[in-house]
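Written out below as structure tokens is the structure these notes cover.
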There are 2 protein chains.
Amino acid sequence: MITQKTKYALKSLIALGALQKGEALTIEEVAQRSGAPKRFLEHILLEMRRAGFLGAKRGRSGGYFLIRDAARISLGEILQQIDGPIAPLPCLSRRAYQKCDDCTDEETCQLRRVFGDVFWSYLLLIESLTLADLLKTPDLVAHLPSPPADTAAQDASPNLAGE
Amino acid sequence: MITQKTKYALKSLIALGALQKGEALTIEEVAQRSGAPKRFLEHILLEMRRAGFLGAKRGRSGGYFLIRDAARISLGEILQQIDGPIAPLPCLSRRAYQKCDDCTDEETCQLRRVFGDVFWSYLLLIESLTLADLLKTPDLVAHLPSPPADTAAQDASPNLAGE
DNA sequence: CTAAATATCTACCGGAATAGTAGATTTATC
DNA sequence: GATAAATCTACTATTCCGGTAGATATTTAG
């Protein structure tokens with residue numbers, strides 16, 4: 001599960017990404033559009049400003065605005081900035097690498113090997129998706145009978161029934 | 001991050017999967033081989049028995065043993081049984097579906113769309129990996145100069161540097 | 001110059017989840 | 001019948017998540 005905080009962050013980025021150049025939104029306005037509690041959102045927007053996604057202007061008529069190209073902000077980068085390290089095992093994170101306390105030999109650890117593969121393809125995907133993808137409006141032809149993601153999920157693989 | 005509990009569960013399954021037909025291990029023995037605290041492991045093994053992965057024999061000379069073919073137990077199934085629903089959003093889980101409280105329209109929700117894609121390919125991968133893959137011994141040619149998973153990760157994509 | 005509107009800083013807090021521990025009980029074997 | 005094993009139920013300490021609150025700094029409108 002992604003955290004509520006991340007949800008708010010993404011919704012805020014979507015709201016801010018939809019603005020014209022030069023426009024800005026106050027925390028209050030972002031709160032309305034994202035559904036986040038204002039005082040909680042303060043922390044989140046501040047964090048994203050420090051992460052370099054957003055700029056802020058203080059004082060009257062101030063607000064937040066996107067300062068990086070939406071197509072250059074990857075989903076992976078956002079998730080990392082908000083939730084911290086995303087590797088399935090500490091020994092697979094480069095930014096926050098940590099030896100697993102019990103692990104005797106990383107080179108032969110089966111868990112590391114298998115989760116390394118999983119993580120690698122996961123990373124590849126979330127690094128290739130960007131805020132620009134999140135900004136794409138659910139397009140006009142969205143309701144055609146052609147295979148949308150979730151029905152495809154049900155049909156293609158019966159034993160995925162769990163999730 | 002996968003939980004410590006899941007780590008113990010996987011290590012236990014690896015230990016039990018390496019046994020010959022007819023053999024069993026006591027909790028104590030599994031604890032030694034997996035590194036898990038014995039009293040904690042009790043819960044975990046019990047859960048996996050109830051999940052249908054393991055069988056147990058009580059009384060003197062009892063123990064736990066694998067009752068399903070390792071090649072038929074997917075990584076995804078294990079993760080789900082131990083940690084519960086694994087979907088990134090409640091509205092993407094079928095077993096534990098829940099409408100996101102704030103979401104007005106699932107069909108046009110950008111978060112749902114994007115994370116649906118991510119989740120779908122993640123599922124595909126972890127459902128195709130099995131306990132049998134975890135049991136493969138780190139093979140004899142493991143230390144060749146050919147691209148292992150982690151160095152590949154560094155080279156192929158510079159801006160994955162974060163994790 | 002002053003008031004108001006804004007972002008920013010620091011601290012705290014309740015509930016849930018994680019990672020265990022502990023005691024008592026049942027079941028099978030020697 | 002003693003012993004060794006799984007099983008059941010309950011409790012606990014710590015950390016993380018999702019906030020709330022108060023005070024401060026900065027800018028603009030009047």
Side-chain angles (χ1 to χ4, degrees), chain A residues 1-12 16 23-32 34-51 53-67 79 82-86 88-90 96 98 100-102, chain B residues 1-12 16 23-32 34-51 53-67 79 82-86 88-90 96 98 100-102:
Chain A
M1 290 279 182
I2 68 176
T3 64
Q4 190 64 35
K5 193 176 169 192
T6 296
K7 248 192 204 174
Y8 291 149
L10 290 170
K11 289 193 175 185
S12 300
L16 292 168
E23 291 179 325
L25 293 179
T26 67
I27 295 178
E28 179 74 37
E29 291 168 319
V30 177
Q32 284 165 8
S34 66
K38 185 187 163 193
R39 292 295 322 243
F40 189 30
L41 190 59
E42 284 183 18
H43 297 292
I44 300 170
L45 293 179
L46 198 53
E47 227 174 298
M48 291 200 286
R49 201 213 51 173
R50 292 192 178 129
F53 299 146
L54 303 180
K57 192 173 165 242
R58 295 173 76 153
R60 203 159 190 164
S61 86
Y64 280 99
F65 46 92
L66 200 63
I67 56 174
L79 297 181
I82 302 301
D83 275 341
I86 58 179
L89 297 170
Q98 241 185 319
C100 298
D101 7 345
D102 49 340
Chain B
M1 289 279 184
I2 68 176
T3 63
Q4 190 64 36
K5 192 175 170 191
T6 296
K7 245 192 204 175
Y8 291 150
L10 290 170
K11 288 193 176 186
S12 300
L16 292 167
E23 292 179 323
L25 293 180
T26 67
I27 295 179
E28 179 73 38
E29 290 167 320
V30 177
Q32 285 166 5
S34 66
K38 185 186 162 192
R39 290 301 315 249
F40 188 31
L41 190 58
E42 283 183 20
H43 298 292
I44 299 170
L45 293 178
L46 198 52
E47 226 174 298
M48 291 200 286
R49 200 213 52 173
R50 292 193 177 128
F53 299 146
L54 303 181
K57 191 170 167 248
R58 295 174 74 153
R60 201 159 190 165
S61 85
Y64 281 98
F65 45 93
L66 199 63
I67 58 175
L79 296 181
I82 301 301
D83 274 341
I86 58 179
L89 296 170
Q98 242 185 319
C100 298
D101 6 343
D102 49 340

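Chain A is the first sequence line, chain B the second, and so forth, proteins listed ahead of strands; every chain is numbered from 1.
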Report the distance from atom CG of A/Asp101 to atom C1' of C/dG20, rounded to the nearest whole Å.
-> 14 Å
Is a donor on one side and an acceptor on the other found under 3.5 Å between the side chain of B/Glu29 and the backbone of B/Thr26?
-> yes
Which heavy atom of B/Lys57 sits nearest a heavy atom of B/Phe65, and at what distance?
-> N-CE2, 3.9 Å
Please state whether the base of C/dT26 and the side chain of B/Arg58 form at least one donor-acceptor pair under 3.5 Å?
-> yes
Given C/dT8, C/dA19, D/dT20, which nucleotide is nearest the side-chain atoms of A/Ile27?
-> C/dT8
Side-chain donor/acceptor contact of B/Arg60 with base of D/dA5 under 3.5 Å = no
Taking atom P of D/dA6 as reference, at what distance in whole Å does atom CG of B/Leu45 sit?
-> 8 Å
Is A/Glu23 atom CD crowded by more than 12 heavy atoms from other residues, nucleotides or ligands, each under 6.0 Å away?
-> yes
D/dT20 base / A/His43 side chain donor-acceptor hit below 3.5 Å | yes
Roughly, in whole Å, what's the span from CD in A/Gln32 to P in C/dT6?
-> 11 Å
B/Arg39 with B/Glu42: basic N within carboxylate O range, under 4.0 Å | yes
Please check the phosphate of C/dG20 (OP1 and OP2 only) for any side-chain N or O of B/Lys38 closer than 4.0 Å.
-> no
Between atom CZ in A/Arg50 and atom C1' in C/dT8, what is the gap in whole Å?
-> 8 Å
Check B/Ile27 against B/Tyr64 and note the closest heavy-atom contact, atom names and distance.
-> CG1-CE1, 3.7 Å
Let me know the distance between CG of A/Leu25 and C1' of C/dA5, rounded to the nearest Å.
-> 16 Å
Nearest-nucleotide comparison on DNA chain D, the residue closer to the 5′ end among A/Ile2 and A/Glu42 | A/Ile2
In whole angstroms, how far is the C1' atom of D/dC8 from the CG atom of B/Leu46?
-> 8 Å
In whole angstrom, give the distance that lies between atom NZ of B/Lys7 and atom P of C/dT18.
-> 15 Å
Tell me: CD1 of A/Ile44 to C1' of D/dT20, nearest whole Å?
-> 13 Å
Establish, with yes or no, whether the OP1 or OP2 oxygen of C/dC13 is under 4.0 angstrom from a side-chain nitrogen or oxygen of A/Arg39.
-> no
By nearest-heavy-atom nucleotide on DNA chain C, the more 5' of B/Asp83 and B/Gly59 is B/Asp83
Can you figure out which of C/dT8, D/dT20, C/dA19 approaches the side chain of A/Phe40 most closely?
-> D/dT20
Looking at the side chain of B/Tyr8, which of C/dG20, D/dT7, D/dT20 is the nearest nucleotide?
-> C/dG20
